[in-house]
Amino acid sequence: MPVITEIEDLKRIYRNRVPKMFFDYCESGSWTEQTFRENSSDFDKLYLRQRVAMNMEGRSTKSQMIGQDVSMPVALAPVGSTGMQWPDGEILACRAAHAFGTQFTLSTMSVCSIEDVASHVDKPFWFQLYVMRDWKFVVRMIERAKEAKCSALVLTLDLQILGQRHKDLKNGLSVPLRPTLSNIFDLSTKWAWGRAMMKTPRRTFGNIVGHAEGVTDLSSLSAWTAESFDPRLDWEKVKEIKKLWGGPLILKGILDAEDARMALDVGADAIVVSNHGGRQLDGALSSIRALPSILDAVGDKIEVHLDSGIRSGQDVLKAIAMGAKGTFIGRAAIYGLGAMGQQGVTRALEVIHKELDVSMALCGKRNISELDRDIMLIPEDFAGKWADTSSPAA
Ligand SMILES: Cc1cc2nc3c(=O)[nH]c(=O)nc-3n(C[C@H](O)[C@H](O)[C@H](O)COP(=O)(O)O)c2cc1C
Ligand SMILES: O=C(O)C(=O)c1ccccc1
C-alpha cells in the first residue's frame, strides 16, 4: 500500500492506472488551459498569516452547507463519467463522502443512474442537473431526483455548449469507449483497468439511456453536447426548474456579480462560484479571483460556495477565509477514485481535512466560523476591474 500524503500522490497513481484518454479527459482544461492553471496558481498568490500562542486545542472543521451538517466545508462536485474511472465509481464516491460526513453530488452525466446510486447508499445525496433540449427529460429527471430523495438540486449553468478540450479530440474520446489506434495500445498496457471494467459492464450514461436520442452512438462529446443540451437556457427556465423542484436549489457556474444578482432574484438558496474547473471559457477569471466581487454583490443575501482549483486544505482555508461558506472538489476526488476506488476518495478527503485542520491551527483559529480575511494577505491587484463597467471584476 503506497504512502499517500498529498493529492498529488493520488494523481500519480491514477495517471498510471487508467487509460490515457480517461486521465486526459479529467485533467484537461479548455483551449490554452490558462483558466485551468490560474484556478490553482491564484490560490498561491494569497498568503496566510501565521500566529502563535493562541491556544489551538479543541479545534473543529465542522460546518454547514445549505443548512446541512458537514464534517468540513468540502463537498464532492458533480463529475460526468465518474463510473468510467472506476466501476460503480459514483456509488463508491458517494459512500466515501457520506462516511466522511460530507456531501456527494451526482452528475446528470453519470454512469450509474440516480436510482442505482439511491439504492446503494443510505443517506440522501445531491443531484446535478443539466438542461437538455428535451424538456420532458428535464421534468422527468427532476421527478426522479425527488423520488430518489435527493436533498438538493445543483443546476449547472455554464455548460450548454462544450469548451473545446484539445486532448479529448486528439484522443478520439467517444462514449462508449471505442478502440481507436492510440487507445488499443494504451489499453493493453493497462490491463488491470480493463479487467476491472469488464467485471462491471455498464451502460454509458445511466440517467440518459432511453431518454435522449443518439446517446449510445457518440461521435464526440462536443458534438453530442451541442445536439442535446439546450442553448436557449435562460433565467425564465431557471425559475421554472426551481418551481418544479421545490427544494433546496444551488446554481453552479456563476462567475460574475451580475449573474450572482440574477441567482439571488430567482430565489436560489446558494451559488457555486465556478468556471467548471477551467473546462469551459478559457481566459475567464479563476474562481478564487472572481469570488470577492460576487461576495460584495450578494454575499450577505445568499450562500456562496466555490469550486475550481482546490487541491489542498490550504486552498479550502483560503476560499473560506475569503468568504465562501463551502467548497467543492472535482478532480482531487477523481484522482483518489481512479487510483484506489472508494478508499482513494476517502484518502483524498482525509488529506484535505488534515491540511485544513493543521493550517487553521497555525493561523491561530479553532473553528471554521472564525475564519475571515484577516488571516490572509491579499495582493492589491487581486481585485481587477472590468473595462466597461464600474463594478469590480474581482
Ligand atoms: C472530468 C470532469 C467532469 C465534470 N463533469 C461535470 C458534470 O457532469 N456536471 C457539472 O456540473 N460539472 C462537471 N464538472 C465540473 C466540476 O463539477 C467542478 O466544477 C470542477 O471539477 C471543479 O474544479 P476542480 O476539478 O479543479 O476541483 C466536471 C469536471 C471534471 C474534471
Ligand atoms: O466534461 C465535463 O466537464 C462535463 O460537464 C460533461 C459534459 C457533457 C457530458 C459529460 C460531461
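Order of listing sets the numbers, starting from 1, for every ligand and every atom in it.
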Taking K45 first and then D42, would you say they form a salt bridge - that is, a charged N and a carboxylate O separated by under 4.0 Å? yes

Look at atom 21 (O) of ligand 1 and say which protein heavy atom is nearest, naming residue and atom and giving the distance to 0.1 Å. G330 CA, 3.6 Å

Applying a 4.0 Å heavy-atom criterion (strictly less than), which segment of T156 is in contact with ligand 1: side chain, backbone, both, or neither? side chain

When you measure from the heavy atoms of Q280 to every atom of ligand 2, does any distance fall below 4.0 Å? no

Within reach of ligand 2, part of T156 (heavy-atom separation under 4.0 Å): neither

Among M109, M84, R165, Q128, which one has a heavy atom closest to atom 2 (C) of ligand 2? R165

Ion pair K136/D134, N-O distance below 4.0 Å: no

Salt bridge flag under 4.0 Å for residues D24 and K20: yes

Give a yes-or-no answer on whether the side chains of Q128 and S107 include a donor-acceptor pair shorter than 3.5 Å. yes

With nothing but distance in play, are any N or O atoms of R311 less than 3.5 Å from an N or O of ligand 1? yes

Is it the side chain (CB and beyond), the backbone, both or neither of P78 that lies under 4.0 Å from ligand 1, heavy atoms counted? both

Please list, in number order, the atoms of ligand 1 under 4.0 Å from a heavy atom of G80. 3 (C), 4 (C), 5 (N), 6 (C), 7 (C), 8 (O)

